[in-house]
Amino acid sequence: MSGSPLLMQRALDHGTRVAFTEANGHVTYAQLLERSEAIAATLLSGASDLDEQRIAFATPAGSDYAAIQWGIWRAGGIAVPLNIHATTGELQHCTSAAGVTILVTLSELREQLAPLCEAQGINLICLDQLSLEQRCTLPELDLSRRAMIIFTSGTTSKPKGVVTTHGNIQAQVTTLIDSWQWRREDVIPLFLPMHHVHGIINVMTCALWAGATVDAYDDGFDLPRVCQRVSEHAYTVFMAVPTIYVKLIQALEQMDPAEKAATCAGFAAMRLMVSGSAALPVTIHQQWHQLTGQVLLERYGMTEIGMALSNPYDGERRPGCVGMPLPGVAVELHDEEGQVVTAEGEPGQIWVQGRNVFLEYWQNPKATEESFTRQWFHTGDVAVLEDGYYRIMGRQSVDIIKSGGYKLSALEIENVLLDHPAIAECAVVGAEDPTWGELVAAALVIRHGHTLTREALADWASEKMSAYKIPRKLVFVEDLPRNAMGKVIKAEVAALVS
Ligand code: MLC
Ligand code: AMP
C-alpha cells in the first residue's frame, strides 16, 4: 500500500469493519480496498500511471461511489464526481471543461450518459461489467498530486472546476476528525448529494478515515426512512443542511405522539449533530434544541477550502454564529481596501489560508489569480467577529444564491432563461424563504405578443437545468429597474419579487 493516499492505507487497519450499510447488505473496508484495486487496474489498462487524467463518475451515494473514487485515486487519476440529477447540458459543461477521458457509472445510468460520451469521445465504463479479479502494480502518489475536481457556481455564468490535491483533502479531513472527535464506532447517514464537499468530505471521507460506518441513501434525502432509522437509534452522528432541519421539524410536528417521542429520543441520543452549507436561522437552532435536546453545531465552509470555521465540540455552540477557525486553518477579515479588520464588531470579507485551501480553478489561471492575495483565498463571504465567535453576515455578490444548501449562479440561470422565446429580458435574485433559505426568483420582461406562465416556464426549464435552479417565484415587469449606467439594480429586483 505504499504510495497510496493515507486514507487507503488506514483502510487496511479497518479491515473487516463495515464501511457501508446499504439496501443490499454491507461492505467492509477490505472489500472496498479490493474493489478499488480492480477498478484502478481497469482504468490503467496496462499503463503505469493515469498521470492526473480526469476520470468522471456518476453514481449515487454508497460503496460503489467510494470504490470508484478510490480506484481513480489509486490509479493516479483526478476524480470528477458528477451530479446524477444534472441535465445533459450541465454534464456536458463539466466533462468538456475538465477534459474527461473516461466516465465510470452503473448500468442503469448507461443509456442516459451514452450520447454525451459518444459526442465527446469519452470511454464509458459500467462498474457492473468489470472483472473484480484484475490486479496490477499501482503508481506511487504524493500529497501534491491533484485528486479531485468539483464544479461550483460563482459569479461567472458557468460553474468552475475546483481542484484539490490529496494533501488538501487530507488537511480538510483531519482537522474535522480531531475537532469533532470522529471515532471508529460512529455511524452516520449519507443522504446528501455526492458532487459537493458536504457529502463527499464531511460525511463520507471523514467517516472512512475514522473507520466508521456510512449508512448510504442511494436516492438522496428520504425523510420517512431517516426518521425510522433515527428512532431505531441507528446513528451516532448526523450532518445536514438547514433546509433538512426545517423539513425534519415540520415532520416531527405532524407525527403522532409515540412516533414523535421515539424519533426525538433517537436524535437526542446522538453524540453530534452538525448544520452547515447555509445559514442556520436562530429560530431553527432553538426549535431543534426544544424538540430533541440537541445543540446543533454550526460550521462554515466552501468547496474551495473545505471547512474553515466551527463552533466547538466541547464548549458553547452559539446560535447564529459559526464559531472560530479550525486547527490548521488561518482566517482573517478584510475591508474593501484589502486591509485586515482586527476590531470586533466590524465586518470584513473572510480570507482563508492553510493546507486545506484548494490548488486552483481547473485551467483558469485568471480566476485563480483573482481569488488570491498572496496565499490568502478570498471567500466572497462577509463576517463579523463577536466575543470571539465569527458570525456570517452574507455574501459580497448578489449574483450568488444559496437554495437548499446548493450554491447557484444568478447569471447562469439568467443565461438559460434568455433562451426562452417569450423572454426578452430577465434578472434573477435569491428571495428569502423559511424552508429553502433562498428561493430562486426572477423578474421577467415578456416579448410583445407572447405569454408565459410559471408552470410552462418550469416545464421548459426542467430540460435545461437541475430542479433546484428553476425559478420558483416570478414577477412580470414592463422594464427591469436600472441605474443611470443601465445596470440592473438587483436590490430593487429583490424587493419586487419578495
Ligand atoms: C427542490 N425543490 C425546490 C428546491 N429544490 N423548491 C425550491 N427551491 C429549491 N432549491 C422542489 C422540487 O422541485 C420538488 O417539488 C420538491 O421540492 C421536492 O424535491 P426534492 O429534490 O425531492 O427535495 P428534497 O429531496 O426534499 O431536497 C431537499 C434537500 C436537497 C435539502 C434534501 O436540496 C439537498 O440535498 N440539499 C443539499 C445540498 C448540499 O449538499 N449542499 C452542500 C454544498 S457544499 P415538487 O413540486 O415536485 O414537489 C457547501 C460547502 C459547505 O455548501 O459549507 O458545506
Ligand atoms: P459552496 O460553494 O457550494 O461550497 O458553498 C459555500 C458557501 O456556502 C459559502 O461561501 C457560504 O456562502 C455558504 N455557507 C456555508 N456554510 C455556511 C454557514 N454556516 N452559514 C452561512 N453560509 C454558509
Side-chain angles (χ1 to χ4, degrees), residues 1-20 27-41 43 49-50 52 55 57 59 61-81 104 138-150 163-188 190 192 194-214 216 237 239 301 306-307 326-328 354-356 358-359:
M1 284 295 274
S2 73
S4 277
L6 192 49
L7 174 66
M8 275 136 258
Q9 295 179 35
R10 291 174 61 89
L12 269 183
D13 293 337
H14 305 317
T16 54
R17 294 188 60 78
V18 174
F20 285 92
V27 174
T28 64
Y29 280 87
Q31 288 169 322
L32 207 52
L33 281 172
E34 203 182 21
R35 285 164 64 184
S36 65
E37 194 175 347
I39 293 166
L43 293 172
D49 188 333
L50 285 181
E52 299 191 344
I55 315 295
F57 62 119
T59 47
S63 61
D64 286 336
Y65 182 103
I68 297 169
Q69 185 201 54
W70 288 17
I72 296 168
W73 285 347
R74 296 181 79 183
I78 303 180
V80 186
V104 189
L138 298 174
E140 291 284 315
L141 307 178
D142 66 41
L143 288 177
S144 63
R145 185 179 289 236
R146 290 170 180 81
M148 186 156 66
I149 299 180
I150 294 185
V163 181
T164 43
T165 62
H166 287 285
N168 297 144
I169 292 172
Q170 191 166 309
Q172 292 176 3
V173 168
T174 49
T175 193
L176 297 184
I177 294 284
D178 295 340
S179 303
W180 296 348
Q181 299 188 16
W182 272 96
R183 47 197 80 158
R184 287 178 131 203
E185 297 72 31
D186 279 327
V187 184
I188 187 166
L190 174 53
L192 292 171
M194 291 307 286
H195 59 292
H196 285 305
V197 292
H198 199 160
I200 303 172
I201 300 290
N202 295 23
V203 180
M204 189 184 81
T205 312
C206 281
L208 297 181
W209 186 279
T213 299
V214 177
V237 181
M239 295 186 192
M307 299 302 109
L326 284 157
R355 288 194 305 121
N356 57 305
F358 76 124
L359 181 69

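In this structure, Phe20 CZ and Met204 CE are separated by 5.5 Å, a value rounded to the nearest 0.5 Å. In this structure, CG in Leu190 is found 10.0 Å from NE2 in His198, a value given to the nearest 0.5 Å. We find the CD1-CH2 distance between Ile188 and Trp182 to be 3.5 Å, quoted to the nearest 0.5 Å. Atom CG in Leu141 sits 7.0 Å away from atom CG in Asp49 (nearest 0.5 Å).
Counting only heavy atoms from C-beta outward, the side chains of Val163 and Glu52 never approach each other to under 4.5 Å. Side-chain contact check for Leu6 versus His166: every heavy-atom pair is 4.5 Å or farther apart. At a threshold of 4.5 Å between non-hydrogen side-chain atoms, the residues Phe358 and Met148 do not count as touching. For the pair Val104 and Leu43, the minimum side-chain heavy-atom distance is below 4.5 Å.
Of all the heavy atoms in Val214 and Leu208, the pair that sits closest is CG2-CD2, 4.4 Å. Taking each heavy atom of Ala40 and Leu138 in turn, the nearest pair found is CB-CD2, 3.7 Å. Heavy atoms only, all atoms of each residue included: Val203 and Met239 are closest at CG2-CB, 4.0 Å. Nearest heavy-atom pair, Gly328 versus Asn356, reported as atom, atom and distance to 0.1 Å: O-OD1, 4.1 Å. Scanning both residues, Ala207 and Tyr29, for their nearest heavy atoms gives O-OH, 3.4 Å. Across every non-hydrogen atom of Thr28 and Gln31, the tightest pair is N-OE1, 2.8 Å.
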**Request:** Could you give me the CA-CA distance, side-chain angles and deciding distance for Phe57 and Asp64, then say whether side chain to side chain contact (heavy atoms under 4.5 Å, CB included) is met?
**Result:** CA-CA 10 Å; Phe57 62 119; Asp64 286 336; over 6 Å; no
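Among Val173, Ile201, Leu176, the single residue meeting the side chain to side chain contact (heavy atoms under 4.5 Å, CB included) criterion with Met307 is Leu176.
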Just list the side-chain donor-acceptor pairs under 3.5 Å for residues 71-81, sequence neighbours left out, or say none.
| from | atom 1 | to | atom 2 | distance (Å) |
| --- | --- | --- | --- | --- |
| Trp73 | NE1 | Ala147 | O | 2.8 |
| Arg74 | NH1 | Leu33 | O | 2.9 |
| Arg74 | NH1 | Ser36 | OG | 3.0 |

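Listed by first then second residue, pairs satisfying salt bridge (charged side-chain N to carboxylate O under 4.0 Å, His left out) with a partner in residues 4-20 number zero, not counting sequence neighbours.
Without hydrogens or angle criteria, Thr164 side chain to Ile169 main chain gives no donor-acceptor distance under 3.5 Å. The closest donor-acceptor contact from the side chain of Thr175 to the backbone of Pro327 lies under 3.5 Å. Checking side-chain atoms of His14 against main-chain N and O of Trp209 turns up a donor-acceptor pair under 3.5 Å.
Applying the salt bridge (Lys or Arg N to Asp or Glu O under 4.0 Å) criterion to Arg355, with sequence neighbours excluded, gives no partner residue.
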